[in-house]
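Just so we're clear, the structure is a prediction, and the values are computed from it rather than from any experiment. All residue numbers refer to positions in the sequence shown, counting from 1. Only this structure's heavy atoms are used, side chains among them; waters, hydrogens and symmetry mates stay out. Whatever order the structure lists ligands and atoms in, that order sets their numbers, starting from 1.
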Amino acid sequence: MNIQDKVRPNILNLSPYSSARDEFEGNGEVFLDANENPYETGLNRYPDPYQRQLKQQIASLKKVDPNRIFLGNGSDEAIDLVMRIFCEPGTDNIVISDPTYGMYAVSAAINSITVKKVALSKDFSFMANEMLKEVDTNTKLIFICSPNNPSGNALNAYEVAKVIENFDGIVVIDEAYIDFSMQASFTLQLEKYKNLIILQTFSKAWGLAGLRLGMAFSSAEIIKLMNKVKPPYNINILTQKEALSALADKEKVKEAISNILRERDMLITKLSGLSIVSHIFPSDSNFLLVRFNSSQAIFKYLMEKGIIVRDRSKVTHGENCLRITVGTPEENINLVQALKEYQP
Ligand SMILES: *Cc1c(COP(=O)(O)O)cnc(C)c1O
């Protein structure tokens with residue numbers, strides 16, 4: 001596959017904005033090139049537009065070359081950029097599963113890109129052929145979320161690979177929840193697949209949702225295109241510094257993940273003993289999709305108790321389902337206790 005053929009002509013022909021720090025390479029001591037205020041505030045200088053130091057650390061953690069990494073203001077920035085690079089507004093379309101993460105459809109709508117939805121099975125499993133059937137000549141992107149939000153399950157890796165291998169376009173795999181899953185990340189297969197973009201984030205396992213830092217991993221060629229289209233200084237200095245200090249303490253993240261997984265198992269055990277719970281969907285993430293006998297009443301009841309969960313009863317195959325994020329041990333006990341005390 002020739003990636004350049006898949007790119008919108010205006011993006012291919014774009015001369016990107018060239019910042020002062022882009023044009024300078026070497027070791028300067030006196031910086032009079034960017035109209036910054038020279039007096040030290042800790043933030044008076046522009047950040048590194050390519051976040052080199054941060055990418056070095058992420059590269060060694062993920063075993064991916066730094067020039068295969070893009071960093072965005074949340075994964076949401078990467079989702080939007082990918083659409084703008086590959087999809088012609090008003091003409092092109094993307095294929096996504098249903099249900100899945102809501103941002104793909106919103107970002108597509110903002111960019112006037114048609115969305116083709118393919119229903120997952122009732123157990124939220126995924127068949128490559130169902131998705132590939134929807135592809136037409138204007139389909140530029142397929143989004144696959146695994147583990148999937150809001151169902152929580154990791155999709156069958158063999159089926160995912162089948163989509164990548166049989167689609168003549170770009171496949172985006174959103175791995176926001178991969179750190180909670182037993183399944184291997186597709187980052188290990190980047191060398192094999194030129195048409196693959198993998199999204200991960202600091203918002204979930206890393207406990208840094210407020211930081212707004214998302215990662216995309218792909219071929220150097222696609223990363224170059226993303227760099228070309230992004231706002232020059234899209235990751236601010238504070239975010240780069242905080243992410244570096246989080247990366248310096250990987251044990252802390254590992255511990256949080258193992259606590260969350262242990263609590264997830266505890267919640268499954270406790271919730272499955274309740275008569276108001278009719279099904280708990282298998283989870284490879286930090287949340288559970290739980291079917292109740294009457295989700296609306298439970299949702300309202302929990303809200304009155306100050307416990308906020310996500311109503312997913314209106315999504316495809318989500319009848320009577322609430323999505324519950326795994327909390328701290330104390331929060332989880334409160335949730336279970338409240339549900340035990342529920343009187344219809
Ligand atoms: C939470 C989540 C993200 C994270 O988005 P950020 O913009 O990085 O916070 C991405 N994808 C999915 C499926 C999510 O659930």
- Cluster check Ile307, Leu289: I/L/V/M/F/W/Y, side chain < 4.5 angstrom: yes
- Task: Using side-chain contact (heavy atoms from CB on, under 4.5 Å) as the criterion, point out the one residue from Ile142, Ile144, Ile79, Leu199 that pairs with Val172.
- Result: Leu199
- Note on the structure: Within 4.0 Å of some non-hydrogen atom of Ser203, the atoms of ligand 1 are 6 (P), 8 (O), 9 (O)
- Just jot down the ligand 1 atoms closer than 4.0 angstrom to any heavy atom of Cys145, in number order. 13 (C)
- Note on the structure: Judged by heavy atoms only, the candidate from Gln200, Lys204, Arg212, Glu77 nearest atom 4 (C) of ligand 1 is Lys204
- Item | Proximity to ligand 1 by part of Tyr177, non-hydrogen separation under 4.0 Å | side chain
- Are the aromatic ring centres of Phe299 and Phe292 under 6.0 angstrom apart? no
- Message: Please list, in number order, the atoms of ligand 1 under 4.0 Å from a heavy atom of Ala176.
- Response: 2 (C), 3 (C), 10 (C), 11 (N), 12 (C), 14 (C)
- Query: Hey, is ligand 1 close enough to Asp174 that some N/O pair sits below 3.5 Å?
  - Reply: yes
- Specify side chain, backbone, both or neither for Asn149, according to which of its non-hydrogen atoms lie closer than 4.0 Å to ligand 1. side chain
- Message: Applying a strict under-4.5 Å side-chain criterion to I, L, V, M, F, W and Y, I'd like to know whether Phe86 and Val135 cluster together.
- Response: no
- Item | Side chains of Asn93 and Thr139, donor plus acceptor under 3.5 Å | yes
- Task: Mind telling me whether Phe202 and Trp206 have parallel, tilted or perpendicular rings, with 30° and 60° as the class edges?
- Result: tilted
